Student: 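Pasting a structure here, questions to come.
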Amino acid sequence: MSNTSKLSRFIEFGRKIVAVGRNYSEHAAELGNAVPTKPILFLKPTSSYITAGNPIKIPKGCSSLHHEVELGIVIGQRGVDIQENNAMDYVGGYILALDMTARDFQDEAKKKGQPWSLAKGFDTSCPVSGFIEKEKILDPGNVRLWLKVNDAVKQDGNTKDMIFNVPFLISYISGFFTLEPGDIILTGTPSGVSPVVAGDVIRAGLADVTEIEFKVEKK
Ligand SMILES: O=C(O)/C=C/C(=O)CC(=O)C(=O)O
Ligand SMILES: [Mg+2]
């Protein structure tokens, strides 16, 4: 089996999801945060993945579930301390993903200085598209990302506005976490995050490469 067809089954590998926070200055500002001087990283469990046809379930006790549309990098080969100048060799492909966030849980955690695991890692918090072959995205540093809730546009950004670009993120992250085939890096969300409620339908797209649709339900 080719490496590409193995990577297309990244969900079955059960590898890491490393997510980057506040990587777009307008998004940092809309939540009242300073622009970071180095990447902010957190992990989402692989049990948070869902694919087309499965609903996003609002976790118990959450009254403010936010959408965050993000470009995901699928790692293609193992790497430690990867240099920025050859970081793109470690990209096996891409996905379009939602970093669903229980914003009220996150706000409470932030106040108490606690981790974001519940806010970001609950079941169904990582809806994903199918695997996108590397060749389909010529420049991950210039690709449009959009998201609609019930046909109203909420997010419409471009990865060129990332504070830390894809090669830098791969290099930085691999200095702390060994990157392995099937790992995902979620590269952060552009501005426009907003709450969704049960019955809403989220649609999102990555340039003209892929679109995803997920319904929101009560747990
Ligand atoms: O600091 C906050 O209030 C929120 C940060 C995030 O949720 C970070 C992200 O996941 C992101 O920027 O994509
Ligand atoms: Mg995010």
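Treat the numbers as computed from the prediction; the structure is a model and nothing was measured. Each ligand, and each atom within it, is numbered from 1 in the order the structure gives.
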Student: Could you check ligand 1 for N or O atoms lying under 3.5 Å from protein N or O atoms and list the pairs with distances?
Tutor:
unit_1: ligand 1; atom_1: 1 (O); unit_2: Arg22; atom_2: NE; d: 2.7
unit_1: ligand 1; atom_1: 1 (O); unit_2: Arg22; atom_2: NH2; d: 2.6
unit_1: ligand 1; atom_1: 1 (O); unit_2: Asn33; atom_2: ND2; d: 2.9
unit_1: ligand 1; atom_1: 1 (O); unit_2: Lys110; atom_2: NZ; d: 3.3
unit_1: ligand 1; atom_1: 3 (O); unit_2: Asn33; atom_2: ND2; d: 3.1
unit_1: ligand 1; atom_1: 3 (O); unit_2: Lys110; atom_2: NZ; d: 2.4
unit_1: ligand 1; atom_1: 7 (O); unit_2: Glu68; atom_2: OE2; d: 3.1
unit_1: ligand 1; atom_1: 7 (O); unit_2: Arg103; atom_2: NH1; d: 3.0
unit_1: ligand 1; atom_1: 7 (O); unit_2: Gln106; atom_2: NE2; d: 3.2
unit_1: ligand 1; atom_1: 7 (O); unit_2: Lys120; atom_2: NZ; d: 2.8
unit_1: ligand 1; atom_1: 10 (O); unit_2: Glu68; atom_2: OE1; d: 2.8
unit_1: ligand 1; atom_1: 10 (O); unit_2: Asp99; atom_2: OD2; d: 2.9
unit_1: ligand 1; atom_1: 10 (O); unit_2: Lys120; atom_2: NZ; d: 2.6
unit_1: ligand 1; atom_1: 12 (O); unit_2: Arg22; atom_2: N; d: 2.7
unit_1: ligand 1; atom_1: 12 (O); unit_2: His27; atom_2: NE2; d: 3.2
unit_1: ligand 1; atom_1: 13 (O); unit_2: Glu68; atom_2: OE1; d: 3.0
unit_1: ligand 1; atom_1: 13 (O); unit_2: Glu70; atom_2: OE2; d: 2.9
unit_1: ligand 1; atom_1: 13 (O); unit_2: Thr189; atom_2: N; d: 3.0

Student: Report the C-alpha separation of Ile137 and Ile132 in whole Å, then their side-chain angles, then the decisive distance to 0.1 Å, and conclude whether the side chain to side chain contact (heavy atoms under 4.5 Å, CB included) test is met.
Tutor: CA-CA 8 Å; Ile137 296 185; Ile132 300 166; 4.3 Å; yes
Student: Which protein N, O or S atoms does the Mg ion (ligand 2) have within a distance shorter than 2.8 Å?
Tutor: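 Checking every protein N, O and S atom gives Glu68 OE1, Glu70 OE2, Asp99 OD2.
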Student: Does the pair Glu30/Arg22 count as a salt bridge with the N-to-O cut at 4.0 Å?
Tutor: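 Judged by the 4.0 Å cut-off on N to carboxylate O distance, Glu30 and Arg22 do not form a salt bridge.
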Student: Hey, is NZ on Lys57 packed in by over 12 heavy atoms from elsewhere, all under 6.0 Å?
Tutor: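 Not more than 12 within 6.0 Å, no.
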Student: Quick one: do Arg203 and Asp151 make a salt bridge, cutoff under 4.0 Å?
Tutor: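 So Arg203 pairs with Asp151 through a salt bridge.
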Student: Do we see a donor-acceptor contact under 3.5 Å between the side chains of Ser8 and Ser5?
Tutor: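 Per modelled atom types, Ser8 and Ser5 side chains form no pair under 3.5 Å.
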Student: Would you mind checking if Glu180 and Arg78 are paired as a salt bridge, meaning a charged N to carboxylate O distance below 4.0 Å?
Tutor: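 Glu180 and Arg78: not salt-bridged.
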Student: Rounded to the nearest 0.5 Å, what separates atom CG in Leu41 from atom CG in Leu169?
Tutor: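 CG of Leu169 is found 8.0 Å from CG of Leu41.
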Student: Considering only NZ, NE, NH1 and NH2 on the basic side and carboxylate oxygens on the acidic side, decide whether Lys111 and Glu108 come within less than 4.0 Å.
Tutor: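 Looking at Glu108 together with Lys111, the answer is no, because their closest N to O distance does not fall below 4.0 Å.
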Student: Could you walk me through whether Tyr94 and Phe131 pass the ring pair (Phe, Tyr, Trp, His ring centres under 6.0 Å) check?
Tutor: CA-CA 6 Å; Tyr94 300 93; Phe131 179 76; 8.6 Å; no
